[in-house]
Each structure stands twice: as C-alpha cells, then as structure tokens.
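Bear in mind the structure is a predicted one, so any value in this text is a computation, not a measurement.
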Amino acid sequence: MLKHKSVQLWARRLHIYISMALLLVVLFFAITGITLNRPEVFVSDSPNITEQQLTLPTELFSSQQGEFVPNTKALLDYLSQHANVSGTPSEVEVFTDLDGNELIEGEISFDYKGPGYNATVFIDMTTAEATIESTHYGIIAVLNDLHKGRNSGEVWKWFIDITAVLMIFFVLTGVCLLLPKKKTLITSMKWMGAGSIITALIYLAFVP
C-alpha cells in the first residue's frame with residue numbers, strides 16, 4: 001500500500017512542503033541546541049539589571065474583598081501601562097499588619113517572567129511606592145528559553161508541539177519515499193543502524 005503510486009505522490013508532496021515550511025524553524029532549534037548545550041560560551045555572565053521606582057494610586061490597594069485587599073487586575077493593568085515590564089505575572093502575594101482599621105505594615109510582591117527576562121515587583125502599601133527590578137539575560141538567553149518553551153506562553157508551547165508533529169511527518173514521509181527503492185532503502189537502513197548504535201555506545205560509555 002505504501003508503495004502505491006498515489007501514496008508515493010502525496011508522500012513526496014508532504015515531504016517537500018513540510019521541509020520548506022520547517023526550514024527556518026529547524027535551523028532555529030538546531031542553532032539553539034548548540035547555545036543551550038554550551039551556555040558558558042554563549043550566555044552572558046553579566047545580565048542587564050535595571051530598577052524602577054513608581055508611585056501607585058492608593059485606590060489600587062482596596063477592592064470588593066476588603067479595604068486592604070488589592071485589586072489584582074487593576075494593579076496589573078496599571079503596571080502594564082505605566083511600568084516597563086513584560087512577561088507573565090506570578091500570583092500576587094500580600095502581607096498586611098492591621099491595628100483596627102489602620103494599616104501598620106503592608107507589602108505586595110510578585111514576579112514577571114518571560115523568555116530571557118524576569119522582574120521582581122515589591123510594593124509598600126503604606127507609602128504606595130513600587131520598586132521593580134528587571135533582569136535581562138540577553139538575546140541568546142531569549143532564544144534558549146524559546147527553544148525550551150520556558151516562560152513563553154501557551155501559544156508558543158502549541159507551536160513547539162505542532163512543529164514536533166510536522167517533523168515526525170517529515171521523517172515518516174521520507175521513509176515512505178525510500179520503500180520502493182530497495183537498494184537505497186537497504187543503504188539507508190544501514191546508516192540508521194550505525195547511527196543508533198553509535199548513539200547508544202556514546203550514552204553507555206560517556207554519559208555519567
């Protein structure tokens with residue numbers, strides 16, 4: 001069945017179109033595979049750290065849940081508009097010390113995380129002052145995190161999954177195209193066997 005003319009035609013088309021669709025993507029994952037494997041060579045040891053100070057509206061520190069319970073959505077919206085932050089915010093942590101209806105001490109803290117980037121936000125509710133420390137690890141760190149899907153969002157994770165599925169189709173259609181060519185298939189199987197054996201030997205002999 002796999003050797004049928006129509007199957008071979010579609011296998012050839014899929015093999016060509018998938019290879020072209022994934023050309024730059026495969027190059028990206030190949031290159032970032034090297035940068036991930038050798039971080040001491042490519043990743044900077046001196047990240048760019050910046051600090052921001054911001055005065056927040058006091059109405060952000062109250063909500064329908066209580067006078068000293070922050071309006072988390074409004075707080076995050078305000079920071080996204082007025083502070084130089086990016087990435088996905090973590091869960092907001094709040095600590096308050098009250099004396100009756102008086103706020104003695106109040107602290108809000110959370111993080112933003114993105115590819116090659118993180119920011120720590122600390123807010124003093126008594127002064128309405130926010131301190132934001134942002135750390136940028138450089139373009140290679142961004143690419144490495146994209147390779148791993150780390151802090152890259154759900155859409156990018158789906159992109160990696162779909163890319164992996166297309167790579168599987170690329171390999172399978174390549175095998176399908178080899179089936180009618182007995183001599184080439186036998187040679188290819190020998191190369192596949194040799195590659196698999198070498199990989200297993202390297203793992204058994206050199207991986208701690």
Side-chain angles (χ1 to χ4, degrees), residues 1-45 47-48 76 80 85-91 111-119 134-208:
M1 179 180 176
L2 293 177
K3 297 180 181 180
H4 193 275
K5 186 176 180 180
S6 60
V7 175
Q8 288 289 304
L9 176 62
W10 277 105
R12 183 173 292 103
R13 287 177 177 175
L14 286 173
H15 192 74
I16 293 171
Y17 296 150
I18 290 174
S19 68
M20 294 309 299
L22 294 182
L23 177 62
L24 295 180
V25 178
V26 171
L27 282 175
F28 164 76
F29 281 107
I31 292 170
T32 52
I34 297 172
T35 59
L36 271 171
N37 195 44
R38 299 291 181 181
E40 70 278 3
V41 176
F42 297 101
V43 179
S44 173
D45 292 329
N48 181 26
L76 295 176
S80 67
V85 292
S86 60
T88 303
S90 66
E91 184 177 348
D111 298 322
Y112 286 90
K113 291 187 180 298
Y117 166 87
N118 70 322
S134 303
T135 304
H136 298 266
Y137 294 93
I139 185 62
I140 298 299
V142 173
L143 297 177
N144 287 349
D145 281 352
L146 288 174
H147 182 110
K148 295 183 289 186
R150 180 184 180 191
N151 301 324
S152 304
E154 194 62 32
V155 173
W156 185 261
K157 287 184 178 180
W158 275 105
F159 173 76
I160 293 176
D161 291 340
I162 293 171
T163 298
V165 171
L166 289 176
M167 286 181 180
I168 293 171
F169 272 103
F170 175 73
V171 172
L172 293 179
T173 52
V175 173
C176 183
L177 291 173
L178 282 173
L179 289 177
K181 305 171 183 178
K182 292 184 179 180
K183 186 176 180 180
T184 305
L185 177 61
I186 293 172
T187 303
S188 300
M189 293 300 290
K190 289 179 180 178
W191 277 104
M192 183 191 74
S196 300
I197 291 171
I198 291 171
T199 302
L201 290 175
I202 290 174
Y203 172 76
L204 293 172
F206 299 106
V207 176

Revision key, fill the gap. Taken to the nearest 0.5 Å, the spacing of S19 OG from L166 CG works out to 11.0 Å
Practice item. Kindly write out the residues that satisfy ring pair (Phe, Tyr, Trp, His ring centres under 6.0 Å) with Y112, not counting sequence neighbours, or none if the list is empty. Key: F110
Check your understanding: So how far is it from N118 CG to T88 OG1, rounded to the nearest 0.5 Å?
Key -> 12.5 Å
Practice item. Check Y117 against S86 and note the closest heavy-atom contact, atom names and distance. Key: CE2-O, 3.1 Å
**Study point:** Non-hydrogen side-chain atoms of I31 and I34 separated by less than 4.5 Å
**Key:** no
Revision key, fill the gap. Those residues at least two apart in sequence (or on a different chain) that pass side-chain contact (heavy atoms from CB on, under 4.5 Å) with F28 are T32, L143, L146, W156
Review point. So do Q8 and C176 actually touch side chain to side chain, heavy atoms under 4.5 Å?
Key: yes
Check your understanding: Mind checking whether D145 and Y137 have side chains closer than 4.5 Å, heavy atoms only?
Key -> no
Revision key, fill the gap. In terms of heavy-atom contacts, T199 and G195 come closest through OG1-O, 2.8 Å
Check your understanding: So, for L185 and L178, which heavy atoms are closest and what is the spacing to 0.1 Å?
Key -> CB-O, 3.6 Å
Practice item. Would you give the length of the straight line joining atom CG of N144 to atom CD1 of I139, rounded to the nearest 0.5 angstrom? Key: 10.0 Å
Review point. Going by the side-chain hydrogen bond (donor to acceptor under 3.5 Å, both in side chains) test, which pairs reach into residues 171-187, not counting sequence neighbours?
Key: H15-T173
**Study point:** Pairwise distance CH2(W191) to CD1(I186) - rounded to 0.5 angstrom
**Key:** 16.0 Å
Practice item. With the side chain counted from C-beta on, respond yes when V43 and T35 share a heavy-atom pair under 4.5 Å apart, and no when they do not. Key: no
Review point. Side chains of R13 and W10: does their closest heavy-atom pair fall under 4.5 Å?
Key: yes
Exercise for review: For the residue pair I160 and F29, establish whether any side-chain heavy-atom pair is separated by less than 4.5 Å.
Suggested key: yes
Point to revise | Smallest separation among heavy atoms of T135 and P47, with atom names | key: CG2-CB, 3.7 Å
Review point. To the nearest 0.5 Å, what is the distance between CZ (F169) and CG (L14)?
Key: 8.0 Å
Practice item. Would you give the length of the straight line joining atom OG of S152 to atom NE2 of H147, rounded to the nearest 0.5 angstrom? Key: 11.5 Å
